[in-house]
There are 2 protein chains.
Amino acid sequence: MKRITIKDIARELNLHHSTVSRALRNDASVREETRIRVSNYARECGYQINMSALHLRGNKSNTLAVVVPNINHNFFSNIISVFTNLAFQNGYVVSVFQSNESSVQEGEIINALIKNNVAGVIASIAMDTINPAHFELLKQYRIPLVFFDRICHGIAVPKVTVDNYSALLEVVNILARKGCTRIAHITGGSKMNVFKDRQRGYLDGIKQNKLTYVRKEEIVASFDIDTGMQVAGKLLSEDPVPDAIICDSHFLVLGAIFKIKEKGLKMPDDIKLVGFGDNPYVQVTSSKMITVVQPDEAIAEAAFDLLLRKLENREDDIIEDRTFSVKIVDNAELIT
Amino acid sequence: MKRITIKDIARELNLHHSTVSRALRNDASVREETRIRVSNYARECGYQINMSALHLRGNKSNTLAVVVPNINHNFFSNIISVFTNLAFQNGYVVSVFQSNESSVQEGEIINALIKNNVAGVIASIAMDTINPAHFELLKQYRIPLVFFDRICHGIAVPKVTVDNYSALLEVVNILARKGCTRIAHITGGSKMNVFKDRQRGYLDGIKQNKLTYVRKEEIVASFDIDTGMQVAGKLLSEDPVPDAIICDSHFLVLGAIFKIKEKGLKMPDDIKLVGFGDNPYVQVTSSKMITVVQPDEAIAEAAFDLLLRKLENREDDIIEDRTFSVKIVDNAELIT
DNA sequence: AAAAATAATACACACGTGTGCAATTGAGAT
DNA sequence: ATCTCAATTGCACACGTGTGTATTATTTTT
């Protein structure tokens, strides 16, 4: 029960394996009759090309890689889902890698990518990645790379992002219009573009609306429910208490909701809560919050598109960035 | 800027590439001094082994595949996340494939798996997969396969499942104990083990509790919010109206919540809602529902464990199944 | 110092595929 | 029947790696 190769087919049909190879690739130099004979027999015996051999021969593979901090975060699993469908439709296979927010693991992943001859990579970097040296390594090996969402600025590759600055600016504007004057912001380390931009937007929003409330930003290192509870709890116990909290992550929001309920505050009357991501649960919960919804599908499509273009053109001087704007949904207005 | 191979190293160090190969693999037959010389130089010039060549040479790869209906469903992305970490720690790389609930696409995926020489596969089958012929193909190619969650019965491979029968039996018991008498069940096509088992559990629960309410089961073909709204709407407009609805999927629950709120019913007093999956939002929402929580991490670990065992032992006659019991969480009792 | 034994390295081949080039076949033209 | 040219197929090699075997280098033994 050995695997069938073109050599097996050649032997069976009294041909040379090179002829079989050409026949299967519809090379014009092979006679019509032979081509049909080969393709028929190949179908009959269930021949499947050996990609490993093809990769070795051509120094290129049909494997794309997705590198993300966490596969099971809503945003990233949406990206992977869309990206995988697109890739598969175009004859590629997708391998997934998760840095677990660790720059060290990210480095190990890059090595694995090189070892495994991946054809191209889309990546969203780990929280503590400041030095993009390991990504430069990819470039050295001429492996096309596209950053999305969480990007490195110090490296010349196409980037797909959302306009985080405008997102937070608009959020603050909306909150101010609703009468909020004490707007807090729970965000991440300022090294990363995502948080840096949001912090700029937040600050400008505060300024533009001439809010007297002292700028209140809490920087957290990890994004989980416990951290959200801790920080939100701290904010809510201070005087004056904020009348709005913006959470830069999904899980922080959950912690905040806990604490808000614990304090007996009502949303959105007593306090307004803003979160990122479009978890459909938000729409049906009675915790009427405002969500910043990112165009996941469009982001994945753009990343794939940019990567594919780099894969097809051998010119690697096209460095085109794409920025998408977010949609801000006020769930208080949405549900009856 | 070419990629460094063992031949390059050999040339540089005046050795034969076979000696370099042995040195890097710590073969005892190579002199200590040479081994160090080689490994030092390899490190210096950043040598990375070419996996494609290794795969070709050894007829085996370091790539594992995960085949699921949808990557972006909470349960599956959790599985992929855990599985990927385990795989990477053990030197494997994980490719993901999504059938989009289509048996046809599943077939194409299997072909891709064979083409790409994946070392092993864990899979959860598509909704309309009755005939597991394409999975048999994997067996023919001696590619180890482990089913999880949604399994095929007609094929002899290890299976990792949850005890869906007991889950629904217990759910009905809990509901009955709470005084429910008109318990409805929104489930999927009965061909699949997951739904078949739950339907058995539901029916036995109805019987054991001697409920007079006519068994009310709605079978749906797709699992999305719209379907949930439609079916839940239908149930709620009938007379008598159910006092409990069990939803076999995450998204069905969302639709049901919509309709329940639309009718002005309160949970859990007017009606009790049961859903699958442990989306953390459930814990903070005021829609006090009961959730059937599956041990995602344990399932992924078991699947990996079984697969790894098959990969290491060449004996492929170990067909050991693992079944996990679910945890039923009453969120009404959880939150203040 | 020569022979034997052992250690260390080199050689050749295989894995499956694709491609440049040579060889063969066939047909048409003279 | 011979020549020409095109159509078709075969041959040889390369991609990077690992391993059995032959070969060389070194040490030990007598």
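Just so we're on the same page: letters track the sequence lines, and every chain starts at 1.
- In this structure, NE2 of H16(B) is placed 6 Å from C1' of dA10(C), rounded to the nearest angstrom.
- Remark: K139(A) does not engage E136(A) in a salt bridge, criterion side-chain N to carboxylate O under 4.0 Å.
- In this structure, R31(A) places its CZ atom 19 Å from P of dA6(D), rounding to the nearest Å.
- N100(A) and S102(A) share no donor-acceptor pair across their side chains, judged by distance under 3.5 Å alone.
- Contact check for N193(A) versus H153(A): side-chain heavy atoms found under the 4.5 Å cut-off.
- The 5' end of DNA chain C is approached more closely, in terms of each residue's nearest nucleotide, by A28(B) than by the other of A28(B) and L24(A).
- Using a 4.0 Å heavy-atom distance criterion, N14(B) is classed as a sugar-phosphate-only contact.
- In this structure, CG of L15(A) is placed 14 Å from C1' of dT25(C), rounded to the nearest angstrom.
- Atom CZ of R22(A) and atom C1' of dC11(D) are 10 Å apart (whole Å).
- Note: CG (D27(B)) to P (dA7(C)) measures 13 Å, nearest angstrom.
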All N/O pairs under 3.5 Å across the protein-nucleotides 14-16 of chain D interface:
from: dC15(D); atom 1: O2; to: R57(A); atom 2: N; distance (Å): 3.4

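- R25(A) places its CZ atom 12 Å from the P atom of dG20(C), with the value rounded to the nearest Å.
- T34(B) comes within contact range of the sugar-phosphate backbone alone, with a heavy-atom separation under 4.0 Å but no base atom that close.
- When each of F148(A), F83(A), F88(A) is paired with F304(A), the ring pair (Phe, Tyr, Trp, His ring centres under 6.0 Å) condition holds for F83(A) and for no other.
- Legend: ring-ring contact (aromatic ring centres under 6.0 Å, His included) pairs involving residues 31-79 of chain B, not counting sequence neighbours, sorted by first then second residue: H73(B)-F251(B).
- N117(A) and R3(B) share a side-chain donor-acceptor pair at under 3.5 Å.
- Applying the 4.0 Å criterion to OP1 and OP2 of dG10(D), one finds that T19(A) has a side-chain N or O inside that range.
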